Amino acid sequence: MLDNLRAKLKEKKIKIPHHFSCFLNILLAKDITPFCLASSIIEVGVDIDRLSLMSIVGQPKTTAQYIQVSGRVGRRANERPGLVTTIYNNAKPRDKSHYEDFRSYHQSLYAQVEPSSVTPYSQPAIERGFSAQMIAYARQFSSIDAVPSDIDISIFEDWFKKLLEVRASAISNSERKDLVNYFNKKFLKWWKIKGIKSSSWGHLKPETDPEVSDVICPFGASGRKRYQFECPTSMRNVDGEAVVWISPQAYEPIEDDFEW
């Protein structure tokens with residue numbers, strides 16, 4: 001279509017306007033350098049093997065994130081090796097520190113990776129994710145229109161027994177005890193109180209209050225009702241957050257009535 005338009009203009013000896021020529025070049029991808037502008041989500045969302053040059057603005061907060069982000073270019077090293085440049089901000093102490101220790105930091109890059117925030121079978125991890133796994137299993141192996149009151153409690157008991165058998169060599173005695181206690185004293189107890197009477201699974205939409213009849217609710221939901229199972233959407237962090245304020249009184253001098 002573009003070629004026909006250009007031919008018609010030449011036939012009638014019409015001079016092609018400059019802006020039209022620029023538009024034509026854009027459509028034909030002439031003298032155009034393709035690029036991808038992305039936020040930090042590129043570490044998990046972009047997988048284009050033809051990318052070969054990356055500029056990172058500012059040092060990512062974690063080394064693991066830095067490795068994931070920078071690894072998005074140079075996927076086809078034989079054809080087009082990747083080059084990553086980091087643009088630091090001199091006004092930011094963190095960026096300045098990484099610039100000053102650039103060589104030593106990158107020579108031991110993988111040694112700098114932060115430890116995982118989830119310890120398997122620890123009490124915080126069990127409290128955060130065990131109930132969600134139980135409910136996910138029940139929903140996966142039940143009919144698509146099944147509601148909580150349709151679920152036979154034996155489904156949970158059989159799955160838990162199988163879990164202990166499969167993980168027998170990976171779980172210590174104390175961890176096994178914690179799992180059994182949580183399953184019997186909390187999960188089954190709560191399910192018998194609420195699950196077998198409920199007709200609604202609930203949802204995990206952020207910043208929404210669950211209904212009274214829901215079995216599950218988003219982790220940390222402010223409107224959580226009693227005997228509702230909190231289900232996380234991520235297991236990356238299991239620690240709670242706290243806000244700290246520094247009182248201005250901390251910097252006020254202490255009055256001293258001593259006189260010479």
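All of these numbers come straight from a predicted model, not from anything done at the bench.
Residues Val73 and Leu83 form no side-chain contact, since every pair of their non-hydrogen atoms from C-beta on lies 4.5 Å or further apart. For the pair Ile56/Met54, a side-chain contact is recorded, criterion being any heavy-atom separation below 4.5 Å from C-beta on. The shortest distance between side-chain heavy atoms of Val84 and Val69 does not fall below 4.5 Å. You'll find the side chain of Phe229 reaches within 4.5 Å of the side chain of Ile135, heavy atoms only.
Here Phe102 and His98 keep their ring centres 6.0 angstrom or further from each other.
Looking only at distances, no side-chain donor or acceptor of Asp95 sits under 3.5 Å from a matching main-chain atom of Lys92. Using modelled atom types, no side-chain atom of Ser149 and backbone atom of Ser199 make a donor-acceptor pair closer than 3.5 Å. A side-chain donor-acceptor contact under 3.5 Å links Arg94 to the backbone of Gln59. Glu175 contributes a side-chain N or O that, together with a main-chain N or O of Ser172, makes up a donor-acceptor pair within less than 3.5 Å. Counting only distance, with no hydrogens or angles, the side chain of Arg50 and the backbone of Arg80 share no donor-acceptor pair below 3.5 Å.
Geometric assessment of Lys192 against the ring of Trp190 yields a negative cation-pi assignment under the 6.0 Å and 45° thresholds.
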Show your working on side chain to side chain donor-acceptor pair (under 3.5 Å) between Ser131 and Tyr182 and close with a plain yes or no. CA-CA 9 Å; Ser131 298; Tyr182 185 88; 2.9 Å; yes
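Taking a 6.0 Å sphere around CZ of Arg76, one finds it holds more than 12 heavy atoms contributed by other residues, nucleotides or ligands. For Glu165, the CD atom sits in a packed shell: over 12 heavy atoms of surrounding residues, nucleotides or ligands are nearer than 6.0 Å. A 6.0 Å sphere centred on CD of Glu100 holds more than 12 heavy atoms belonging to other residues, nucleotides or ligands.
Using cut-offs of 30° and 60° for the angle between ring planes, the Tyr66 and Tyr105 rings count as tilted.
Interatomic distance, NZ of Lys162 versus OH of Tyr137, reported as 4.5 Å (0.5 Å rounding).
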